[in-house]
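When a ligand or atom number is given, it counts from 1 through the structure's own listing order.
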Amino acid sequence: MRLADLESLNESFAITDHIMFVAGPGGLPMAKIRNAYAAATVSLHGGQALAFQPHGHEPVLWSSAYSLYQPGKAIRGGIPVCWPWFGPHPSDPSKPAHGFARTSLWSVLSTAALADGATQVRLRLADDDTSLALWPHVFELRLVVTVGADLRADLIARNPGAASYTYSGALHSYFDVSDVTAISIHGLEGCTYIDKVDGEQHKVQRGAVTIEAETDRIYLNTAETCAIEDPRLDRRITVAKAGSRTTVVWNPWAEKARRLADFGDEEYHGMVCVETANADGDSLTVAPGGEQRLMAVIGVEPII
Ligand code: TA6
């Protein structure tokens with residue numbers, strides 16, 4: 001982004017002791033947030049929270065050291081916005097996986113220093129020739145990121161058009177863990193899930209989720225808060241949600257990590273995705289003039 005554009009962003013939206021806009025890796029425009037509670041980074045490329053670190057804690061969100069910070073490429077880490085489809089396009093494999101929102105440049109609607117000391121930034125993405133060529137619907141997407149002791153992300157899908165549209169998607173959150181084989185994920189006990197690394201079989205989760213191999217599961221019919229327990233960091237990362245009936249757990253493990261250009265061969269040891277999704281049968285329809293909201297609230301607490 002040109003310096004003049006950054007200067008304009010800061011003139012309009014910077015708030016002392018809360019938020020300012022900088023050129024991040026690859027020159028991509030980013031909001032740097034720092035307040036009494038935490039530090040965070042939100043990329044305008046992709047509308048993507050990239051970092052969240054409450055003061056006194058280790059980083060909560062994970063990003064790959066091999067991310068490609070380039071227009072048209074998704075950033076590997078943070079909370080990618082998968083929209084208006086989750087995973088491969090339902091019928092056209094030539095279209096980008098997880099939709100186009102995470103590779104588009106979002107604009108800033110507003111910033112605010114909230115009464116409780118949190119910082120809020122509101123981003124917007126709307127249809128253009130590029131999106132219409134991929135998905136023939138007018139839309140307005142808003143992402144509201146609120147940074148306090150927790151990180152809250154609200155993804156609001158609006159329909160300014162005259163016909164309904166149906167979408168799937170996710171807040172595809174990447175979390176930083178000490179060692180993926182040392183953690184356990186709670187909140188999904190007893191849930192049915194689609195095991196995408198075992199023939200899309202439907203299985204039932206017995207006990208907490210633990211990870212010892214490539215893991216790619218869509219948990220169905222769950223609105224539960226998940227907790228990633230990480231004894232080696234003496235912390236529990238909580239992921240609460242609203243507007244979502246599916247939760248996705250993913251770790252690529254060694255072989256898939258090696259195949260991904262923007263994922264270090266050994267990075268899979270230190271991350272796990274717990275995604276707040278509208279995936280599989282959890283697609284949503286927005287009537288003309290209507291909206292749907294997907295929300296995730298990410299917190300961190302000691303394990304006591
Ligand atoms: O997290 C679920 C998933 O759909 C996995 O199947 C894997 O493809 C992952 O998303 C990452 O997708 P990406 O397109 O970002 O490489």
Side-chain angles (χ1 to χ4, degrees), residues 43 45-50 61-104 134-135 153 155 167-177 180 183 185 188 191 193-203 205 209 211 213-220 222 226 228 237 239 241 244-265 267-268 270-283 294 296 298:
S43 167
H45 171 71
Q48 193 162 331
L50 289 182
L61 296 181
W62 177 89
S63 280
S64 170
Y66 297 80
S67 278
L68 305 169
Y69 293 93
Q70 297 166 12
K73 295 284 187 188
I75 299 172
R76 176 73 61 190
I79 307 178
V81 174
C82 301
W83 201 88
W85 58 84
F86 180 81
H89 184 274
S91 60
D92 182 348
S94 71
K95 293 185 176 177
H98 289 316
F100 49 76
R102 64 176 183 168
T103 53
S104 299
L134 290 168
W135 192 64
L155 182 66
Y167 70 90
S168 59
L171 293 170
H172 190 299
S173 306
Y174 287 76
F175 295 102
D176 203 310
V177 297
V180 73
I183 64 164
I185 302 168
L188 298 169
C191 275
Y193 64 90
I194 300 171
D195 189 340
K196 292 171 62 181
V197 298
D198 189 9
E200 310 268 332
Q201 289 186 68
H202 284 220
K203 301 177 181 177
Q205 180 61 42
V209 180
I211 294 175
E214 181 182 356
T215 303
D216 193 349
R217 302 175 181 178
I218 302 178
Y219 288 84
L220 306 172
T222 174
C226 287
I228 305 167
I237 296 173
V239 187
K241 66 175 186 174
S244 157
R245 299 290 307 163
T246 42
T247 294
V248 178
V249 175
W250 180 61
N251 182 286
W253 211 252
E255 200 276 322
K256 181 151 192 182
R258 266 196 296 278
R259 291 206 310 267
L260 294 169
D262 60 348
F263 205 117
D265 291 356
E267 289 188 317
Y268 70 93
M271 56 71 65
V272 69
C273 286
V274 175
E275 305 161 33
T276 304
N278 296 123
D280 198 69
D282 187 20
S283 297
L294 176 64
I298 294 165

Next item on the list: Check salt bridge (Lys or Arg N to Asp or Glu O under 4.0 Å) between D282 and all other residues, then give those that pass, not counting sequence neighbours.
Entry: none
Filter the ligand 1-protein atom pairs down to N or O on both sides and distance under 3.5 Å, then list them.
from, atom 1, to, atom 2, distance (Å)
ligand 1, 1 (O), H172, NE2, 2.9
ligand 1, 1 (O), E275, OE1, 3.3
ligand 1, 1 (O), E275, OE2, 2.5
ligand 1, 4 (O), H98, NE2, 3.3
ligand 1, 6 (O), D216, OD2, 2.5
ligand 1, 10 (O), H98, NE2, 3.0
ligand 1, 10 (O), H172, NE2, 3.1
ligand 1, 12 (O), H98, NE2, 3.4
ligand 1, 14 (O), R102, NH2, 2.9
ligand 1, 15 (O), R76, NH1, 3.1
ligand 1, 15 (O), R102, NH1, 2.8
ligand 1, 16 (O), R76, NH1, 3.1
ligand 1, 16 (O), R76, NH2, 2.9

Next item on the list: Give a yes or no on whether the backbone of A277 and the side-chain of T246 come within a donor-acceptor separation of less than 3.5 Å.
Entry: yes
Next item on the list: Test W62 against every option in F175, Y268, F263 by the ring pair (Phe, Tyr, Trp, His ring centres under 6.0 Å) rule and name the one that passes.
Entry: F263
Check: Which residues pass the side-chain contact (heavy atoms from CB on, under 4.5 Å) test with L134, sequence neighbours left out?
Finding: W85, K95, P96, F100
Next item on the list: Can you sort out the partners of Q70 under side chain to side chain donor-acceptor pair (under 3.5 Å), two or more places apart, ordered by chain and number?
Entry: none
Notebook entry, point to check: So, do F86 and H98 have ring centers that fall under 6.0 Å from each other?
Noted result: yes
